[in-house]
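We count ligands from 1, going down the list as the structure has it; atoms in each ligand are counted the same way.
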Amino acid sequence: MKGSTHLTIGTAIGIGAAAVYSHSLTQAALLITAASFSALAADLDGASLLSSKLSKVSRVIRILAPWAGVLAVVALVLYGTRNGFAPLPSAAAVALLLLGLTAKEGAIRNALVSAIGCALLYAAWMGDSRGLLGLGAFVVIAPWLKHRGLTHTIWALALWAAIGRQLEAEWAIPGLAAASAAGYLSHLAADTLTPSGVKWLSPLVKKSFKLR
Ligand SMILES: [Zn+2]
């Protein structure tokens, strides 16, 4: 399943969550970002989202997306060192860079994703946040896993839901847990519709589930 499809579904889920839970524009933007990011997070594993049948558009996105993320982080660092790091723009810039990196593949990309995970672990340690600790660990490990392996299972979904619940409690953002879990679930459901399917219960059950 293409990254853009996952992203579209995730955004739609985020808008739905925002309609149900949010009372402010900031909260709505956060829920939409969380759901969109969650809908792509499973493909932080070792494969490119856009690798199959590259159209001209996806080739351009593939080149531009990581650079957009790099620019966002550079802008954040330039602005943040002068004015202090606000949590919201920082989270948005890091999320954008990670999203950009899902469009790439290879060892350098994997190392970059893991490096971002390490930065999250550092932030978790500084801020004493168990939610960020879980998210950081996920981002560090995911790129080195086989494509459509462990990140595409109900165990990963349960872990993601737990991280969302923890962050919802820590950051006091109602709907964050629901938006993240629904976003992640949508990814696995969408991949189940593709010919190779999803090994939902791997490694317990090796069978690939697909709807054809
Ligand atoms: Zn996938």
Side-chain angles (χ1 to χ4, degrees), residues 1-14 16-17 32-55 57-59 61-66 69 94-114 116-117 120 134-164 178-212:
M1 182 82 38
K2 282 200 309 190
S4 51
T5 315
H6 287 306
L7 193 58
T8 308
I9 300 170
T11 308
I13 289 174
I32 293 168
T33 308
S36 311
F37 180 62
S38 301
L40 278 171
D43 280 353
L44 282 174
D45 62 8
S48 167
L49 283 170
L50 301 167
S51 56
S52 58
K53 276 189 254 148
L54 276 186
S55 69
V57 180
S58 43
R59 217 173 292 149
I61 293 176
R62 197 178 194 174
I63 294 165
L64 292 184
V94 171
L96 196 64
L97 179 57
L98 275 176
L99 285 184
L101 286 172
T102 54
K104 300 291 274 185
E105 57 191 338
I108 294 175
R109 172 264 195 201
N110 292 351
L112 267 173
V113 173
S114 281
I116 295 170
L120 289 172
L135 182 63
F138 183 99
V139 174
V140 167
I141 296 167
W144 308 101
L145 299 173
K146 205 176 90 221
H147 183 45
R148 287 204 186 179
L150 263 184
T151 58
H152 289 60
T153 60
I154 55 163
W155 328 118
L157 173 62
L159 175 70
W160 195 260
I163 293 170
S180 329
Y184 204 98
L185 176 65
S186 80
H187 184 110
L188 303 190
D191 276 357
T192 303
L193 300 174
T194 63
S196 43
V198 167
K199 292 178 180 142
W200 284 79
L201 299 170
S202 170
L204 284 188
V205 180
K206 292 246 156 65
K207 184 181 157 30
S208 186
F209 295 85
K210 49 194 115 173
L211 279 183
R212 276 269 120 172

Exercise for review: Report yes or no: does H147 have an N/O/S atom closer than 2.8 Å to the Zn ion (ligand 1)?
Suggested key: no

Rounded to 10°, the OD2/D191 to the Zn ion (ligand 1) to OD1/D43 angle comes out at 180°

Between A182 and I13 the two heavy atoms that sit nearest each other are O-CD1, 3.5 Å

Side chains of H147 and H152: donor-acceptor distance under 3.5 Å anywhere?
no

V113 and V139 have their tightest heavy-atom pair at O-CG1, 3.3 Å

* Specify whether an N/O/S atom of D45 falls short of 2.8 Å from the Zn ion (ligand 1). => no

Q) Hey, is there an N, O or S on H6 sitting under 2.8 Å from the Zn ion (ligand 1)? A) no

Contacts of T153 meeting side-chain hydrogen bond (donor to acceptor under 3.5 Å, both in side chains) (sequence neighbours excluded), chain-then-number -> none

